[in-house]
Amino acid sequence: MNRYNFKVVEKKWQDIWEKNKTYKSSFNKNKKKFYCLEMFPYPSGKIHMGHVRNYTIGDVLSRHKILQDYNVLHPMGWDSFGMPAENAARENKLDPKVWTEKNISVMKNQLKMLGLSIDWDREISTCSQEYYKHQQDFFLEMYEKGLVYRKENYVNWDPVDETVLANEQVIDGKGWRSGALVQRKKLNQWFFNISKFSEDLLTELDNLSSWPNKVKSMQKNWIGKSFGCEIDFKIEGNKDVKSIRCFTTRPDTLFGFSFLALSVDHPISKYFEDDDKFIAFKKECSKTGTTEESIAHGEKIGFKTNLTAINPFDERKKVPVFFANFVLMDYGFGAVFGCPAHDQRDMDFAIKYNLKIKTVVKPNNEDKNFKVKDKAYTEGGEIINSEFLDGFKVPEESIIKTINIIEERKLGKKKINFRLKDWGVSRQRYWGCPIPIMYDETGKPHPVPKDLLPVILPENVNLETKGNPLDYVKDWKMIEYKGEKYKRETDTLDTFVDSSWYFLRFCSPNEKSYGYNQDDIDYWMPVDQYIGGVEHAILHLLYSRFFMRAIGYKKDSFKFIEPFDGLFTQGMVCHETYKDKKGNWLRPDEVDTKDGKNYFIKNKLNDIVRVGPSESMSKSKKNTIDPEQIIQNYGADSVRLFILSDSPPEKDIQWSEQGMVASYKFIQKLWLLHEEIKNRINDKSNNTEAENKLERFINETINKFDYNLEKFNYNVLIASLHETYNFLNSFLKNKINGQILLKNYLKILTILSPIIPHFATECFESLGVDKTPNWPEVDKNRIKTDIVNYVVQINGKKKGIIESKHNIDEKDLLDQITNDKSLGKIIKGKKIEKSFFVKNKLINILIK
RNA sequence: GCCCUCGUGGUGAAAUUGGUAGACACAAAGGACUUAAAAUCCUUGCCCUUUUGGGAGUGCCAGUUCGAGUCUGGCCGAGGGCACCA
């Protein structure tokens with residue numbers, strides 16, 4: 001008997017697929033299309049298990065759709081701009097381009113080892129000129145349309161590295177590389193006007209019916225729509241300041257107004273710039289840092305001004321104006337009215353500065369003397385102590401009625417605010433797409449003219465500089481155009497821009513004149529199924545949705561707006577973590593165990609290893625498993641099978657060597673079964689009963705596959721594959737007609753082929769079938785049976801199972817139960833009050 | 001603090017959506033084969049009963065229903081997202 005040699009078989013089919021371009025996709029209007037896309041990888045060096053999981057899930061779907069005769073687009077590319085290349089290049093004295101290209105070639109090979117149904121002719125790489133030059137076109141188009149602008153903004157500035165840091169690069173207020181205290185610095189930056197589309201980005205979420213609710217609600221929170229009104233407060237104490245505008249969602253609490261708070265960056269702060277105390281206060285505020293954490297636990301501090309604000313509903317009432325550290329300049333108007341009784345932040349502030357606390361809302365179960373003490377009351381109820389607002393129900397009528405009054409009296413107006421901020425895309429880095437802008441001698445920005453496009457990133461740049469290396473490339477930075485001197489923009493684009501339209505490029509990877517070809521995207525877009533990690537739930541997906549709107553803005557030819565019709569977010573791959581006695585992390589291959597409980601360092605029985613919780617695989621915790629090694633040991637099909645087993649794809653999965661071995665063994669067992677079946681395809685016997693049983697089982701299995709494929713329950717597919725094996729293995733004890741066996745077996749091979757494609761194709765070939773058959777249809781007539789097992793419940797409790805005829809009616813079944821030996825005993829002599837009958841499934845008899 | 005998701009054996013999990021709870025697999029224990037081990041195969045898996053059988057049981061407490069893992073309300077616990085957003 002032959003052992004199944006995965007090494008030979010997998011290589012053989014991968015070569016054939018590559019040579020024949022089996023998975024090449026082409027435009028074909030006569031065929032239904034299916035665009036299956038997985039988030040493309042960053043070429044960091046080697047693929048990791050997360051990639052294996054992501055691409056295996058996509059591959060199963062893709063192959064399934066191919067067998068259902070869809071025209072499938074399943075491409076792959078590289079998100080190849082970004083910081084790691086720059087850092088790695090600095091460490092290894094390599095050019096980022098060389099480093100990146102080397103990684104791509106290694107990883108491409110590794111992906112091929114997995115046997116993915118990728119159309120490699122469509123491969124793209126975002127760091128190539130052929131890609132980013134089109135991105136510059138999009139940038140300039142957006143600039144023309146007014147969707148790109150330049151503005152001063154606060155950033156996290158690392159004074160040692162002289163660079164801007166992303167929020168996640170700031171740890172405890174210090175730069176992650178330099179360790180220097182991060183400063184808040186104002187810098188001119190380019191912005192995409194994503195907030196222009198806030199309303200549309202929010203409402204269209206409701207139409208994305210195949211997106212996980214979790215992702216939709218995360219985006220909803222991020223966009224953060226709130227309904228309220230803007231109010232102008234008259235100001236006294238400075239003749240140049242007549243009024244200050246505030247945004248509020250609770251205008252109905254205006255009678256509880258006890259102070260007005262401003263952001264330290266509010267325009268009015270200019271009147272205080274000579275005040276040493278104010279400068280000290282502002283410094284104190286910036287010390288609390290820009291990180292979210294420091295804000296969350298930070299104490300509320302304020303700076304009292306000589307100004308007073310007047311309550312628009314009662315001009316006799318005047319309250320102090322403060323600068324306060326908890327007011328943000330980039331939300332609303334950078335100014336809030338404080339109502340301590342009904343807002344906890346305002347309450348904290350009021351207690352600290354001894355401000356008035358006036359209760360204006362009472363809960364329904366309290367009387368009009370209800371008083372808030374030191375905890376703000378923010379629930380519903382009724383307005384009190386508020387003159388003409390008294391009696392309004394909170395919140396269902398109080399807010400809208402108050403806004404109406406405010407509008408009537410021309411004190412302000414209704415206003416909807418969004419939390420979503422414009423997208424800052426400038427990065428002070430070398431390895432990214434150059435921003436196609438140049439500045440004249442007065443510093444005014446101009447789009448780079450067409451005949452100077454694309455702006456090509458210079459090569460062989462010295463990276464050992466402070467700040468952005470491009471600033472030092474003088475012959476690139478300084479240009480002359482039509483006799484005028486210009487300086488180039490040296491900032492490059494955030495790499496999220498690169499990934500905001502790559503799915504369009506896959507439709508027309510060779511289009512020279514523009515980023516995409518209209519006919520191609522009309523046919524292929526939107527992506528039918530997008531698959532990737534949940535860590536991109538907000539930014540990448542939101543930016544891509546924005547980009548489609550921005551490209552389509554003022555462009556009639558562009559028909560769709562949502563790039564991803566279906567979205568699936570897969571879970572992470574986890575592994576136990578290990579530490580030695582000193583607390584150093586250990587790799588899984590450095591530890592060993594004899595009993596599965598106590599671990600020690602390999603070959604050193606006395607060096608005890610502490611086993612930590614299973615966590616997402618990461619290099620820093622050393623709990624990674626190298627996919628290439630695993631493929632070498634067990635084969636691609638085994639890895640694919642294991643990575644889909646046990647856990648549903650959207651949940652985290654535990655890597656286990658034992659599970660891996662089990663999957664490997666299962667394929668070996670399938671091969672033995674295959675050999676056995678192959679030996680029997682010429683058997684001539686007739687056995688109707690067995691044949692019916694076989695047909696029924698196979699059709700039920702196909703049915704189960706269809707159901708679970710649709711729902712991404714790939715773990716259940718694997719379970720049902722095991723059941724199929726167990727069934728066939730024992731079924732072969734029967735005598736059976738070889739052709740009927742073969743017919744059904746081919747269906748099983750077809751439905752398992754998306755999961756373990758090398759194995760399936762090899763089996764087909766050994767049976768003389770040269771092309772994988774189309775996905776089998778379920779024969780509903782074959783699932784029906786003459787005999788049904790009815791569950792018999794008595795007074796709601798299961799008492800047994802009884803065999804009966806298909807579609808039997810209730811009365812006949814009751815008769816049968818009454819006459820049954822053991823079940824009849826229970827009923828005998830009792831009165832049947834009522835019975836509930838579920839056809840072909842169950843009967844519940846109520847007796848007394 | 002706000003929002004979302006999830007609680008089922010020793011473990012990962014099924015349960016076609018209100019109708020046989022624990023499919024399938026991992027681990028464990030016992031057994032068969034073997035001189036032995038590995039591999040393979042079989043059995044077991046809560047409580048009571050020698051067996052036949054009976055009972056409890058899906059985080060906890062109530063409710064709806066002939067019937068609840070599934071629906072409703074409350075509580076407890078875990079994970080994730082956002083977080084001074086006015």
Side-chain angles (χ1 to χ4, degrees), chain A residues 212-222 224-226 228 246-251 253 261 263 288 292-300 324-328 330-339 342-346 348-349 376 378 417-421 534-535 537-538 595-597 614 642 645-648 650-654 656-663 665-666 669 700 703-704 706-708 710-711 713 715-726 789-801 822 833-839 841-846:
Chain A
N213 286 330
K214 184 172 133 190
V215 174
K216 287 196 274 190
S217 83
M218 279 162 74
Q219 291 212 358
K220 267 182 197 164
N221 286 338
W222 189 262
K225 181 179 182 173
S226 48
C246 295
F247 171 75
T248 178
T249 55
R250 291 301 303 276
T253 61
S263 159
T288 43
E292 288 149 7
E293 218 187 337
S294 64
I295 292 165
H297 303 294
E299 207 188 339
K300 290 173 183 53
N325 66 335
F326 66 90
V327 183
L328 306 168
D330 50 7
Y331 184 79
F333 303 100
V336 299
F337 90 77
C339 174
H342 305 291
D343 182 292
Q344 192 54 47
R345 289 162 311 191
D346 296 347
D348 296 344
F349 193 77
T378 54
N417 237 331
F418 292 94
R419 216 184 61 104
L420 181 64
K421 289 167 197 147
V534 73
E535 65 274 18
I538 300 176
D595 54 7
K597 282 176 198 150
S614 185
F642 171 68
S645 297
D646 294 341
S647 293
E650 70 272 16
K651 283 180 84 175
D652 288 354
I653 189 173
Q654 305 300 318
S656 105
E657 191 76 17
Q658 279 149 335
M660 188 57 245
V661 171
S663 293
K665 284 183 186 164
F666 182 59
K669 289 194 326 192
E700 274 170 355
N703 197 27
K704 221 186 256 183
D706 287 341
Y707 179 81
N708 288 302
E710 195 66 33
K711 308 189 87 177
N713 295 334
N715 56 324
V716 187
L717 294 185
I718 310 292
S720 120
L721 217 51
H722 279 110
E723 283 175 310
T724 306
Y725 169 83
N726 293 340
N789 287 326
Y790 270 91
V791 173
V792 180
Q793 296 184 335
I794 289 174
N795 290 339
K797 278 192 178 153
K798 179 185 154 195
K799 290 291 170 186
I801 287 167
S822 60
E833 301 250 295
K834 208 173 183 184
S835 65
F836 292 83
F837 179 67
V838 185
K839 209 175 202 180
K841 208 161 221 169
L842 168 144
I843 186 162
N844 185 8
I845 304 164
L846 304 187

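Throughout, a chain's letter reflects where its sequence line sits, starting with A, and its residues are numbered from 1.
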- [ ] Nearest whole angstrom, please: distance from the C1' of B/A15 to the NZ of A/K841.
- [x] 11 Å
Open item on the list: Could you tell me if the side chain of A/K841 sits less than 4.5 Å from the side chain of A/V791, heavy atoms only?
Closed with: no
- [ ] Return the orientation label for the A/H722 and A/F666 ring planes: parallel under 30°, perpendicular over 60°, tilted otherwise.
- [x] tilted
- [ ] If B/G7 has a Watson-Crick or G-U wobble mate with both distances under 3.5 Å, name it; if not, just say none.
- [x] B/C76
Task: Chi-based syn or anti call at B/G7, which uses purine or pyrimidine torsion atoms and a 90° bound - done: anti
- [ ] For B/A15, take OP1 and OP2 only and decide whether either is under 4.0 Å from a side-chain N or O of A/K704.
- [x] no
Task: A/R419 side-chain N/O to B/A86 phosphate OP1/OP2 under 4.0 Å - done: no
TODO: Select one nucleotide: of B/A86, B/C24, B/U16, the one nearest the side-chain heavy atoms of A/A719.
DONE: B/C24
Open item on the list: Taking salt bridge (charged side-chain N to carboxylate O under 4.0 Å, His left out) as the definition, give me every residue that meets it alongside A/K220, ordered by chain and number, with sequence neighbours left out.
Closed with: A/D206
Task: Nearest-angstrom distance from the residue atom CG of A/D348 to P of B/G1 - done: 13 Å
Task: All side-chain contact (heavy atoms from CB on, under 4.5 Å) counterparts of A/V327, not counting sequence neighbours - done: A/A261, A/S263, A/A324, A/V336
Open item on the list: Expressed as a whole number of angstroms, how long is the span from A/K799:NZ to B/G53:P?
Closed with: 12 Å
TODO: Take atom CD of A/E535 and atom C1' of B/G79, then tell me their distance rounded to the nearest Å.
DONE: 16 Å
- [ ] With rounding to the nearest 0.5 Å, note down the distance linking CG in A/N726 to NZ in A/K669.
- [x] 6.5 Å
TODO: Please name all residues satisfying side-chain contact (heavy atoms from CB on, under 4.5 Å) with A/F836, sequence neighbours left out, ordered by chain then number.
DONE: A/K834, A/N844, A/L846
Open item on the list: Going by salt bridge (charged side-chain N to carboxylate O under 4.0 Å, His left out), name the residues that satisfy it together with A/D346, two or more places apart in sequence or in a different chain.
Closed with: none
Open item on the list: If the condition is side-chain contact (heavy atoms from CB on, under 4.5 Å), which residues does A/S614 pass it with, not counting sequence neighbours?
Closed with: A/C574, A/Q654
Open item on the list: Rounding to an integer number of angstrom, what distance separates B/G54 and B/A21 when you compare their P atoms?
Closed with: 13 Å
Open item on the list: Can you check the distance between B/G12 and B/G59, where both ends of the measurement are the P atom (answer in whole Å)?
Closed with: 14 Å
TODO: Using the C1' atom as the reference point in each nucleotide, state the distance between B/A62 and B/G79 in Å, no decimals.
DONE: 27 Å
Every protein N/O lying under 3.5 Å from an N/O of nucleotides 4-12 of chain B:
from	atom 1	to	atom 2	distance (Å)
B/G12	O2'	A/S647	OG	2.7
B/G12	N2	A/D646	OD1	3.1

Open item on the list: Quick check: on RNA chain B, is the nucleotide nearest A/N789 upstream (toward 5') of the one nearest A/K665, or the reverse? Name the residue that is more 5'.
Closed with: A/N789
TODO: Would you classify A/V327 as touching base, sugar-phosphate or nothing, given that sugar-phosphate means primed atoms plus P, OP1 and OP2, and contacts are heavy atoms under 4.0 Å?
DONE: base
Open item on the list: A/K216: which residues meet the salt bridge (charged side-chain N to carboxylate O under 4.0 Å, His left out) condition with it, sequence neighbours left out?
Closed with: none
Open item on the list: Work out how far the P atom of B/U58 is from that of B/U51, and round it to whole angstrom.
Closed with: 26 Å
All N/O contacts under 3.5 Å from nucleotides 42-48 of chain B to the protein, with atom names and distances to one decimal?
none

Open item on the list: Applying a 4.0 Å non-hydrogen cut-off, can you work out what A/K839 is touching in the nucleic acid: base, sugar-phosphate, or nothing?
Closed with: nothing
TODO: Measure the CD-CD1 distance between A/Q793 and A/I845 for me, rounded to the nearest 0.5 Å.
DONE: 9.5 Å
Open item on the list: If I take atom CD1 in residue A/I538 and atom C1' in nucleotide B/C3, what distance separates them, rounded to the nearest angstrom?
Closed with: 12 Å
Task: Complement of B/U35, any strand, by Watson-Crick or G-U distances under 3.5 angstrom - done: none
- [ ] Considering only atom P, compute the distance from B/U70 to B/C60 and round it to an integer number of Å.
- [x] 11 Å
- [ ] Taking atom C1' in both B/A23 and B/G45, compute the distance separating them and give it to the nearest angstrom.
- [x] 16 Å
TODO: Return the value, rounded to whole Å, for the distance between atom NZ of A/K798 and atom P of B/G55.
DONE: 12 Å
Task: Contact nearer the 5' end of RNA chain B, comparing A/T248 with A/W222 - done: A/W222
TODO: Just compare B/C41, B/U20, B/A86 and give me whichever is closest to any side-chain atom of A/K669.
DONE: B/C41
- [ ] Establish, with yes or no, whether the OP1 or OP2 oxygen of B/A25 is under 4.0 angstrom from a side-chain nitrogen or oxygen of A/N726.
- [x] yes
Task: Partners passing salt bridge (charged side-chain N to carboxylate O under 4.0 Å, His left out) against A/E650 (at least two apart in sequence or in another chain) - done: none
Open item on the list: Rounding to an integer number of angstrom, what distance separates B/G69 and B/G19 when you compare their C1' atoms?
Closed with: 13 Å
Task: Sequence-distant partners of A/E657, side-chain hydrogen bond (donor to acceptor under 3.5 Å, both in side chains), two or more places apart - done: A/Y634
Open item on the list: Measure CG/A/L842 against C1'/B/A21 and give the value in whole Å, please.
Closed with: 14 Å
Open item on the list: Is A/K797 close enough to B/A56 that one of its side-chain N or O atoms is under 4.0 Å from OP1 or OP2 there?
Closed with: yes
Task: Pairwise P distance for B/C4 and B/U72, with rounding to whole Å - done: 14 Å
Task: Between C1' of B/A27 and CD of A/E657, the distance in whole Å - done: 15 Å
TODO: Could you please name the option among B/C24, B/A86, B/C26 that lies closest to any side-chain atom of A/E723?
DONE: B/C24
Task: Partner set under side-chain contact (heavy atoms from CB on, under 4.5 Å) for A/N703, not counting sequence neighbours - done: A/V778, A/I783
Task: Test item: A/D343 side-chain N/O and A/C339 main-chain N/O as donor-acceptor pair under 3.5 Å - done: no
Open item on the list: For the CG atom of A/N221 and the CG atom of A/L420, what is their distance to the nearest 0.5 Å?
Closed with: 12.5 Å
- [ ] Quick one: look up who B/G1 pairs with, Watson-Crick or G-U, both distances under 3.5 Å, and put none if it's unpaired.
- [x] B/C82
Restricting to nitrogen or oxygen on both sides, can you table the protein-nucleotides 63-66 of chain B pairs closer than 3.5 Å?
from	atom 1	to	atom 2	distance (Å)
B/C66	O2'	A/N844	ND2	3.3
B/C66	O2	A/N844	ND2	2.5

Open item on the list: Classify A/S226 by what it touches in the nucleic acid, base, sugar-phosphate, or nothing, heavy-atom distance under 4.0 Å.
Closed with: sugar-phosphate
